[in-house]
Structure formats: structure tokens, C-alpha cells
Amino acid sequence: MSNLSSKALYLFLNIVFHLFSFHLIIIDASTSFVAAVSKDETTTTVGVMEAEALVKWKASLDEKSQSNLSSWVNGTGSSPCTWVGISCDTLGSITYLNLSYNGLKGTLEDFNFSFPNLTHLHFYSNSLSGNIPPQIGNLPKLIYLDLSYNVLTGRIPPSLGNLTNLSVLALGSNRLSGFIPQELGFLTSLSQLYLYENNLTGPIPTCIGNLTNILFVSLSSNKLSGPIPRQIGLLTSIQKLDLAENSLTGSIPHGIGNLSDLSDLSLWGNKLSGRIPPSLGNLTNLSRLHLLGNRLSGSLPQEMKNIVNLKSLALSYNKFTGSLPHNICRGGLLQNFTTSDNHFTGPIPKSLRNCTSSLRVRLDGNQLIGNISESLGIYPNLNYIDLSGNQLYGELTWKWGESRNLTVMKFSNNNISGEIPPNLGKMAKLQRLDLSLNNLIGRVPKELGSLALLLDLSLQVNQLSGIIPPTIFGMLHDLQSLNLAANNLSGSLPREIGNCSKLQFLNLSLNKFVGTIPYEIGELQSLETLDLSQNMLTGVIPSELGHLPMLETLNLSHNMLFGPIPTSFEYALSGLTTVDVSFNNLKGPIPDSKAFREASCFALESKKGLCGNNTCVKACGHVASKRALIITLLLSLSAALLFLLIFIICLLALHRRNKSKVEQRQGQNNAHDGIVFGILGHDGKRFYEDIIKATDEFNSDCCIATGGHSKVYKAVLSSGQVVAVKKLLLSEESGALIDVNAFKDRLDVVKGVANARSYMHHDCCPPIVHRDISSNNVLLDSEWEAHVSDFGTARFLKPNSSYLITSPVGTFGYMAPELAYTMEVNERCDIYSFAVLTLEIMRGKHPGDLILPLFSSSSSSMASSSLPINRHTLLTDVLDHRLRPPFINRVAQGVVSTVQLAFACLNANPQYRPTMKNIYSALGTQLPPLSKPFSMIELGELIAP
């Protein structure tokens, strides 16, 4: 019974279980059916809403943009998943929208941003404008946002901080402005951030340190300011950091050395200062380091030797000192190495000799030394090298001909000697060759004519001789600039130069060319500058030169040309702005063009006489206009009076000096021996007595400072003015002053004045012309460093310009001679005054006896390349006899160079005076050994053209 009951119970439970299971199946099926119906309804709803939003935005775009989106049509049976640029998920919701390169023009104002499943939004390279709407933060699943290369404006919306899933944010190359929002620090999933080429301002937010997953950051080409935040050192995964072309200040943070995976660091074009942190040596994976165009200083850290994977190192335009790393190419990967315009010294790095991977090398504008033939090797891949403006010496070797990929080779302003290797003609890709301002000798190799792609050939200021090979112009059809000035080239000018039809600049001045000017030069229809001055050319000026439509500057001065100026110059050279035909044998009328009408008197000086419409020459015909005659008479009278006044002043000064010496010998108190002074505009004797009284005869109670060679006294003059008086100790007990200084201090003073003038002429904007450079306006500090003072007569000057004055301003004896004729002031007036001051410093007195013949000489002598002095006078006769001659070779060379520069600056033609920049550079240049004993050097050797 019990068994039967058990079976019955089991059967009953089994039936119930199966019935229950069947019921569950029915319920599950019903639920599935309901879910399926809900799913279809959801898909339809989302798809319709997204499609409507896109169609509405399309309608806001311009007509062409709408035609590019022709598939975007909302209607029966149409799904946005089939439209151009769109992808959807399995539910039919848009996940991917890519409209890059579609030429879309319009705004994002009507873009709904109601796309809950959108992960990628690409609008790269279109013409979208206006603001980025704040609703862009309503895309919760967005991973990739690229709005780069549009014309979007306004601020970056802080709502972007809501996109916490964002991995890539690209807003580069737009016109966005304002600060970078701190809310971007919430994007902790970000791996790439591109905000380059906008107008963003303010500091880099410190929240950037939160982006610990970031790999690439580019904030370049904005207007960001302030320091680089130290939080940048928290981005330990970063591989590329580009902060270039902003206005960032301060130093490079030490924590940047924590970025061990960094391979590309660009900080160039900012205002960063200080030293490179030694921690930078920790970046052993660094392949690209660009720091150029900042204010960084100091020597490079030794730790940089650890960076062996460098491919590009750019340090140009900073203030670095010390030597370059010897093992800079130890890894053998270096391709780009630029250190232009710093203060690096020492040799070229040894590892660079075998750095065959080099593509671009720029070490110009430093103070590097060494033999160039031993420092460099063969570079089969090199395409650009510039070593200009250093102190390199030695000779160029044939090996340079093996650099077959070289396009630019610049070695100017060094001490390179020897001949130009003919093998340079093998560099078939060469476009620019600059070997100017060196000591090269020999001929111009005819092999240079093989450089068919050459655009610029600069060999000026060397010692090249011989003729210009006519064949050199055979294949140089693309040549645009040719400068062979200031050499010893001779012979006639080759007519083949007419083959260089693209030539824009031609300078063959300061050579020994003879014969006539080739009429073929008139075939150079692109020529803008032609300078054949200071040669021995004869004959007439070819009328073909008047057929150069692009010519702006013409200089044919200081030759032996004769006859009239061609009439073709009057109607054909419409673009001519500067002309100089002086010191030839030209005669007849000048062309009635602006260039000749406004030419200076120097530019039209002629032995035979020119006439025409210029106040500097007589009027053509028998009757001159009253106005021209009056002006000429006034100018002549003014010049005569000025010369007479200067002559009288010089005589009075000489008489006063001699009288003072006699009085001192006859009864002057010995306690005051050695006191020498002169104050412009004061009675010297009365002023001296005033100082004696004010200092109680130099009583020790009035002494306020004592130096090694002088004492300084406080003096209250009778006028109430308080001055400091320095009394030099030139007695026997202080005679060591003469021995210690061997002219070195005086050279430093000259260099200091040159540095100040170079800064005012070339580094100030606008340039400043002082107009009163004299010994009265140069002050020496306690370290004997020179300071230029008294800017009461200074004037701002537009670059490459001048201005007229009504009366001369400055100190007589220092003023440039042209002020008596043209009343035209420019920076060349300062250069003349600098020369007078330089000779005064070297002589210990004003060089009036040297300069006076300049005023009394004829006009032709005044414009010659040298002063009318005794050319056989020894150099020692021009120096201060109270000092021992500079026997030390280096000082002696400096003295020779300085006096030579002074005579060059005294050229009465201001156009031929060197610039202050060149003067200062020459004063700091290492000099070759003297060719003869110092005491035997004649002035003629210094002032010879």
C-alpha cells in the first residue's frame, strides 16, 4: 500500500511539474513577443528623431553643402544608416558621423547633438564657422571628436568636460579664443589633445596634470602665456609635447625629466629663459628636441650626452654659451642640428665628422674655432649647411664635392683660406653658395659653371684674382644673385653674363675690371641692382642699360666712363630709385627722372660736369634759374663759412693747448701735475680754478673714492652744480699704469662704444642716430667699461632712410663732412664720429692734424677711398707715445685692425663707410698674424683701397 501511495504521489508531482514548465514556456514566449514589439518601436522612434535632426541641420548649410549631402532625405523607407558619412549600431541608432573633406559651409548652431549612442564625430577640414555650442557636452558616449581645420570662433565650451569617455579631442587650426577651460581636466580617458593654431590666451591650466593617460599634446601656435606648469611632469605616458610658438615665460620645469617615454619635445618660439635642466638627460627616448627662438642661456648640461637617439636638435636664437656636446651624434641618427645665433665657443663637435646621417647643419652666428678641413667629413645625405659668422680657419677640401645632395652651402665671415676647390662643381643640386668675407685666394673655378641649379653665388670680400671665366655663365640660367665685390678680379667683364636671364642682383664693385660695360647686361630683364663701381671701366654707358624695366639701384661710380648718360635712362628706367654715377668723366644732361632729380651731390660728381634738373648740378643751357643759382650760392657760402669756422676753432684749440703748457711749466703748482681735462663750452682756465676751489685744492676731505690709478673728488661748483672729478695718478709712483695697459684697455673702450652704437643702429626699432658721438659723451665706469651718454640730440630713424636738418648739430671736430653739403642725417654720420673718437682714444688726443686736410682738400679728394695724409707715416706715429708700443702680438693685431677700421669709417663718401654691425663684428674677429713687424707698418697699407 505504501508503495502504491508513493508511486501515485510521484506521478502526481511529475504531472504538476510538467504543467508548470509548460506554463513558464508560454509566459516566456509572451514576454519575448512583447519585448520584440517594444524593440521595433524604440528603433523607429530613435531613428526618426536622429534623421529629423540631421535633415534640419542640413537645411542650415549653404546650397553647395546641401548638394554634397544629397542622400540625406527623410522619407518613407529611408534610414539615416544608409546616408553618406553615417554608420549605425544593431538597433539603428547613429554611432559614427564622418563628414570630413566635404566642403561644408555653415554653423553648428542648428546641430541638435541628440545622438545618445554617437561615439565618433568627424568634421575635419571643412568651412564651418561660428561658436562650438555648449550642447556638444550632451554626447555621453563620444570617444572621438575632430573639428580641426575649420573657421570656428569663440571659446572652448566648458561642457566638453562632460565627455568623460573622450579619447581624442581635436580642435586645431581654427580661430578659437579665450582661456583653455579647467574642465578639460575631467577628461581622464583622453589620449590625444590637439588645440594648435588658434588664438587661445592665458596660461596652460594646471589641470593638465590630471590627463595621466595622455600620449600626444599639441598647444602650439597660440598666444598662451605664463610658465609651463610643473604638473606637466605628471604626464608620464606622454610621447609628444608641442608647446611651440606661444608667449610662455619662465624656465623649463625640472619635472620634465620624468617623462621617460617622451620622444618629441617642441618648446621653440616662446620667451623661456634660464638654463636647460640637467633632468633633460633622463629623456633617453628623445628623438626631436626643438628649443630655438627663446631666451635660454648658460651651457648645455653634461647629462645631454645620454640622449643618443636624437634625430633633430634645434637650439638656434638663444643665449647659450660654452661648447657644443662632442658626442652629439654618438647614436649615428642625427639628421638636423641647428645652433644659429648663440654664443657657443670651442670646436665643432668631433662626432659630427662621421655623422653621415646629417641632412641639415646650421652652426652659424657663434664663436666656434678650429680647422674646417679637420672638423668636417663627407656627408652623402646633407642638403643644407651654414657655418657662417664663426672663427673657423683652414682650407676647403675636395671632399665637399662628394656631398651630391647639398642645396645650400654657407661658410661666410670666417678665416678660411686657400683656393676654392674645383670639385664644388660636382654638387649638382647646389642652389646657394656663400663663401664671402674670408681669405680665399686664386681664381674663380670655371667648374662652378656646372652648377645648373645655382640661384645665389656670393664670393665677395676675399682675395680672389684673375678673370671671371666666361664659361661660368654657360649653364647658370637660373642664377638670381651674383656678388663678387671687393676682390682682386681683373680683365674685362664677360659678355656671356647676358645668358643669366633671371639675374636680379649683380655686384662686381671694388675690383680691377677694365674695358667697357658689356651691352649684354641690358638683356637681364629681371635685374634690380647693378653695382659696377670702383673699377677701371672705360667707354660710354651702353644705352641698353636703359632697357632694364626692374632696375632699382644703379652704381657706376669711380670708374673712367665718359660721354653722356644715355637718353634711354629717362623714359625706360621708371623703377629706378637710387643712382650713383660720380667720379667718372661724364658730361651733358642728366635724365629728367625721379632718381636723378633726387640724387645727392656725391652721386653726380663729375670732372667734365653734368647738368640738368638737380640742385647739385648746373642747369643745362646758358641761363640758369634764379632759384637754382641762389641755392647754389647759399650752399657754397655756407660750406665756406663752416670750413672757416672749423679751421679757426682748431687753431684756437691748438693755441690754447700750447699756452696752457707754457703756463704749467712757468708756475703751475706741482701738486696738480697730471690733471688733464677739457669741457666743451667752458673757459678751461676758469673752470679749472673753479674745481680747485670747490675741492679745496683736492683736499682729502673731498675725496669720495680711490682706485688703483685715480681718485674721485666731490666738487660743488660756483653755479651750484655738483660734479664728480676724477684725478688720474700719472706720477712716478703710478707709472705702472702705462706698463699694465699695453693699449688693451683702449681697445676695450673702442669695442664698448662700437657695441653700443651697433645696438642703437641695428637692434633698436626704430633705429637711433646719436648725432653727437665724442669723447665728452662717452663715460667709463669703475670697470673701465664704456657707456654712450647724452641723447639730447638723438633721433629715431626709419630703416635705410635719412632726414634733413636745418643746421648742423653735434660737436665740431667730430661731425661728418657731408653735413656741410646735404644737411642729410643718417646712421653713417655716427660712424664718421665714431672714427674720430677711435683715433682720439688711440692717440691720446684729438686727431685734428690728421682730419684737417680733409676739409681743405678738393672735392675729388674728399670722396676718395682714403684720407689725403702722408701714406708713408708709420703706424706708431699715430698712437699715443706715452704708452709702450703693443709688443704682445694679439694686442698689436687689435691695434692694427682698429686703426684700419677707423680710416675706413673716415671715408668722406658715407656710402662707403662700413656699418656699425660690421665694425663691431670685425673688432671681435680673431685676426691672422701680422705680416710684418708692428713698428714698420705704414699707414698707406691700412688705408689703401
Side-chain angles (χ1 to χ4, degrees), residues 143-146 148 164-172 180 184-196 204-222 224 227-246 248 250-270 272 275-292 294 296 300-315 325 327-337 357:
I143 298 175
Y144 201 116
L145 175 60
D146 191 351
S148 302
T164 54
N165 291 314
L166 203 62
S167 176
V168 176
L169 175 58
L171 305 177
I180 300 175
L184 293 189
F186 298 143
L187 307 180
T188 55
S189 298
L190 206 62
S191 64
Q192 301 178 45
L193 175 61
Y194 303 111
L195 304 180
Y196 56 86
I204 299 174
T206 57
C207 67
I208 197 171
N210 297 338
L211 309 181
T212 54
N213 292 311
I214 202 80
L215 299 177
F216 304 102
V217 173
S218 179
L219 309 181
S220 64
S221 301
N222 281 286
L224 300 174
I228 300 174
R230 58 182 178 81
Q231 289 81 358
I232 210 85
L234 301 176
L235 309 182
T236 54
S237 298
I238 195 168
Q239 298 176 13
K240 177 178 180 179
L241 177 60
D242 188 355
L243 307 179
E245 289 192 296
N246 282 287
L248 300 174
S251 58
I252 301 174
H254 178 81
I256 209 164
N258 298 333
L259 313 181
S260 57
D261 291 334
L262 195 64
S263 62
D264 191 331
L265 177 59
S266 292
L267 303 178
W268 62 275
N270 281 287
L272 300 173
R275 294 173 172 266
I276 296 178
S279 62
L280 198 72
N282 298 336
L283 308 181
T284 55
N285 290 317
L286 205 61
S287 65
R288 187 173 185 261
L289 176 59
H290 285 189
L291 304 177
L292 68 157
N294 281 285
L296 300 169
L300 303 182
Q302 292 292 326
E303 291 77 3
M304 285 186 66
K305 65 183 180 181
N306 300 327
I307 311 176
V308 297
N309 294 315
L310 273 178
K311 292 183 179 180
S312 181
L313 176 60
L315 305 175
N327 57 352
I328 192 65
C329 191
R330 188 176 68 175
L333 303 175
L334 192 65
Q335 299 176 353
N336 178 37
F337 183 34
S357 59

Task: Nearest atoms (heavy-atom pairs only) where Leu315 meets Leu300 - done: CD1-CD1, 3.8 Å
Task: Heavy-atom side-chain contact between Asp242 and Tyr196 under 4.5 Å - done: no
Task: Validation row: Leu224, Ile180 side chains within 4.5 angstrom (heavy atoms) - done: yes
- [ ] Rounded to the nearest 0.5 Å, what's the gap from CZ on Phe216 to CD1 on Ile238? Could you check?
- [x] 9.0 Å
TODO: For residues Leu280 and Leu265, determine if any side-chain heavy atom of one lies less than 4.5 Å from a side-chain heavy atom of the other.
DONE: yes
Task: Separation between CD1 of Ile214 and OG1 of Thr236, rounded to the nearest 0.5 Å - done: 12.0 Å
- [ ] Of all the heavy-atom pairs spanning Pro229 and Pro253, show the shortest one and how long it is.
- [x] O-CG, 4.4 Å
Open item on the list: If we ignore hydrogens and angles and just use 3.5 Å, is the side chain of Asn246 paired with the main-chain N or O of Leu248 as donor and acceptor?
Closed with: no
- [ ] Could you list the residues that satisfy salt bridge (charged side-chain N to carboxylate O under 4.0 Å, His left out) with Arg330, not counting sequence neighbours?
- [x] none
- [ ] Please check if any side-chain donor atom of Arg275 sits under 3.5 Å from a side-chain acceptor atom of Ser251, or the reverse.
- [x] no
TODO: For the pair Asn213 (side chain) and Thr188 (backbone), establish whether a donor and an acceptor sit closer than 3.5 Å, ignoring hydrogens and angles.
DONE: yes
Task: Distance (rounded to the nearest 0.5 Å) between Leu193 CG and Leu211 CG - done: 7.0 Å
Open item on the list: Within the structure provided, determine whether His290 and Asn336 are in side-chain contact (heavy-atom separation under 4.5 Å).
Closed with: yes
- [ ] Please report the closest heavy-atom contact between Gly332 and Ser357, naming both atoms and the distance.
- [x] O-OG, 3.3 Å
Task: Pair Ser167-Ser191, side-chain donor/acceptor within less than 3.5 Å - done: yes
Task: Distance in Å, Leu313 CG paired with Cys329 SG, rounded so as to fall on 0.5 Å steps - done: 11.0 Å
Open item on the list: Is any side-chain heavy atom of Leu286 closer than 4.5 Å to one of Leu262?
Closed with: yes
TODO: May I have the step-by-step check of side-chain contact (heavy atoms from CB on, under 4.5 Å) for Ile252 and Leu296, ending in yes or no?
DONE: CA-CA 9 Å; Ile252 301 174; Leu296 300 169; 4.2 Å; yes
- [ ] Using atom types as modelled and distance alone, determine if a side-chain donor or acceptor of Ser263 lies under 3.5 Å from a backbone N or O of Gln239.
- [x] yes
Open item on the list: When you compare the side chain of Arg288 with that of Ser266, does any pair of heavy atoms fall below 4.5 Å?
Closed with: yes
Task: N/O donor-acceptor pair under 3.5 Å between Asn294 side chain and Asn270 backbone - done: yes
Task: Donor-acceptor pair, side chain of Asn258 and main chain of Leu234, under 3.5 angstrom - done: no
Open item on the list: Which heavy atom of Lys305 sits nearest to which heavy atom of Val308, and what is that distance?
Closed with: O-CG1, 3.7 Å
TODO: Would you indicate whether the side-chain heavy atoms of Ser237 and Leu215 approach each other to under 4.5 Å?
DONE: yes
- [ ] Measure the CG-OG distance between Leu171 and Ser148 for me, rounded to the nearest 0.5 Å.
- [x] 6.5 Å
- [ ] Would you check if Leu169 and Leu184 make a side-chain contact, meaning some heavy-atom pair closer than 4.5 Å?
- [x] yes
- [ ] Quick one: pull up CG in Leu283 and CG in Leu310 and give me the separation to the nearest 0.5 Å.
- [x] 9.5 Å
- [ ] Starting from the C-alpha separation in whole Å, work towards a yes-or-no answer on side-chain contact (heavy atoms from CB on, under 4.5 Å) for Asp146 and Val168.
- [x] CA-CA 8 Å; Asp146 191 351; Val168 176; 6.0 Å; no
- [ ] Could you tell me whether the side chain of Ser189 and the main chain of Asn165 form a donor-acceptor pair under 3.5 Å?
- [x] no
Open item on the list: Given 3.5 Å as the limit, does a donor-acceptor pair link the side chain of Asn210 with the main chain of Ile208, or not?
Closed with: no
